[in-house]
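The structure under discussion appears below in the form of structure tokens.
In what follows, residues are counted from 1 in the order of the sequence shown. Note that the coordinates shown come from a computational prediction; the quantities given were computed from them, not determined experimentally.
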Amino acid sequence: MVRPTLYDDDTQRRAVQMYRERIAATDESQVKARRYVGDQLGIKQATLHRWIRAADASEAAAPASAATTPSRSISPGTVRRGTGRDALAAGAIGEIADLGVGGMRLREVAHRAGISVGSVAYHFPERKDLVDAAVDTFAERLDARSAAAIEAQAAAAVLRDFYCDRETSLFWAEARIHATRDDHAGDVADHIHAALSKLVVRAVDTRLGADRARQIVATLNTAAVDTARRHRQPGPYGRAMTQTVRRTLAGSATPQLEK
């Protein structure tokens, strides 16, 4: 197949459609489906992954009446692939938050998902596939929440929910570490950083500079890890981080916007 020389809109739409059709027609993991389409079109998996997330986020934010067919309004992985794979990805998020990527136990992931341990190998033949699915699911959850968070209050609420949930913050910390060793995780981590920075801009002020927004995200990342170390229980952790997020956002706009 001839490789496209320009990643225009038609190429992006075609690649996303091929990916969705591959998911619908086979029992392949998202990673393998992306690999297949990428090989067919000569597109890097990381690039294709960004296109898929952007398309899903755009459709999630669109009015329900805008969808012409069910496949346009249902993101891959929520219905067409069944619940087993999604449950395992969610279970892996909790397990990685507790023990890190290296400490993830497949039997415990299956227990968290409420399905047999044999299902892990069925859905994810390789351990990396499961880790990739967990990272993807984590990013997709944030995309779904942030897509509709246009107003300042809504964006601030998404940031509070993200940083004030101990499991979420711990998984995000582990994902950042894993990103230093894995290209796919690195690409997704960059996407999450960008999504969080955009939420900060919406929550603080749309005139806030990109560099300042990234600094605020870095501050919240560090604060979440420090707070998780001091507070082992979700309740105390959440209360402490709620104050931290509010204080950080409230005090962030003035230095940047005085000019």
Side-chain angles (χ1 to χ4, degrees), residues 15-40 45-46 48-57 59-60 67 69-145 147 165 167-168 170-172 174-175 178-179 182-189 191-192 195:
V16 172
Q17 184 62 29
M18 284 181 64
Y19 164 81
R20 290 174 171 175
E21 291 174 353
R22 186 74 179 178
I23 288 290
T26 70
D27 194 43
E28 289 182 347
S29 67
Q30 292 181 353
V31 174
K32 288 187 176 181
R34 287 197 302 269
R35 186 179 300 138
Y36 172 83
V37 175
D39 289 344
Q40 291 292 305
Q45 288 187 56
L48 176 58
H49 193 208
R50 285 195 297 271
W51 293 350
I52 294 167
R53 287 202 304 265
D56 289 345
E59 291 165 14
T69 65
S71 63
R72 297 284 292 174
S73 61
I74 301 174
S75 62
T78 56
V79 173
R80 282 176 286 172
R81 289 190 291 106
T83 60
R85 193 187 304 270
D86 297 330
L88 287 168
I93 289 175
E95 182 72 359
I96 291 171
D98 285 348
L99 298 175
V101 172
M104 182 182 69
R105 302 161 298 181
L106 299 184
R107 184 174 297 277
E108 183 61 25
V109 170
H111 176 72
R112 289 172 182 262
I115 58 181
S116 67
V117 68
S119 297
V120 179
Y122 173 78
H123 289 295
F124 302 103
E126 300 177 13
R127 184 184 180 90
K128 174 176 166 50
D129 291 341
L130 178 56
V131 176
D132 285 348
V135 173
D136 290 346
T137 297
F138 187 81
E140 289 161 5
R141 287 177 179 177
L142 177 61
D143 285 344
R145 289 292 313 278
D165 180 79
E167 179 179 286
T168 297
L170 288 176
F171 180 87
W172 175 220
E174 293 293 342
H178 184 54
D182 183 88
D183 289 341
H184 175 75
D187 181 66
V188 177
H191 172 81
I192 294 173

Search all heavy atoms of Val188 against all heavy atoms of Ala139 and return the closest pair with its distance.
CG1-CB, 3.6 Å
Between Glu95 (side chain) and Leu106 (backbone), is there a donor-acceptor pair under 3.5 Å?
no
Rounded at 0.5 Å granularity, tell me how far CG in Leu88 sits from CG in Leu130.
6.5 Å
Search all heavy atoms of Ala90 against all heavy atoms of Arg141 and return the closest pair with its distance.
CB-NH2, 3.5 Å
Mind telling me whether Phe138 and Phe171 have parallel, tilted or perpendicular rings, with 30° and 60° as the class edges?
tilted
With Glu174, which of Ile96, Val135, Leu99 fulfils side-chain contact (heavy atoms from CB on, under 4.5 Å)?
Ile96
Looking only at non-hydrogen atoms, find the nearest pair between Ala89 and Thr137 and report the distance.
CB-OG1, 3.4 Å
Stepwise ring pair (Phe, Tyr, Trp, His ring centres under 6.0 Å) check, His184 with His49:
CA-CA 9 Å; His184 175 75; His49 193 208; 5.0 Å; yes
In terms of heavy-atom contacts, Trp172 and Ala189 come closest through CH2-O, 3.7 Å
Test salt bridge (charged side-chain N to carboxylate O under 4.0 Å, His left out) on Asp132 and Arg34; report intermediate values, then the result.
CA-CA 12 Å; Asp132 285 348; Arg34 287 197 302 269; 5.5 Å; no
Interatomic distance, Met104 atom CE to Asp98 atom CG [nearest 0.5 angstrom]
12.5 Å
Are the side chain of Arg85 and the backbone of His123 linked by a donor-acceptor contact shorter than 3.5 Å?
yes
His191 vs Leu142 side-chain heavy atoms within contact, under 4.5 Å
no
For Arg127, does the CZ atom have more than 12 heavy-atom neighbours from other residues, nucleotides or ligands under 6.0 Å away?
yes
Identify the heavy atoms of Gly38 and Leu48 that sit nearest to each other, and give their distance.
N-CD2, 4.1 Å
Member of Val101, Asp136, Asp182 meeting the side-chain contact (heavy atoms from CB on, under 4.5 Å) criterion with Val131:
Val101
Can you tell me how far OG of Ser116 sits from NE2 of His111, rounded to the nearest 0.5 angstrom?
13.5 Å
Kindly give the heavy-atom pair with the smallest separation between Ile115 and Gly84, and that separation in Å.
CD1-O, 3.9 Å
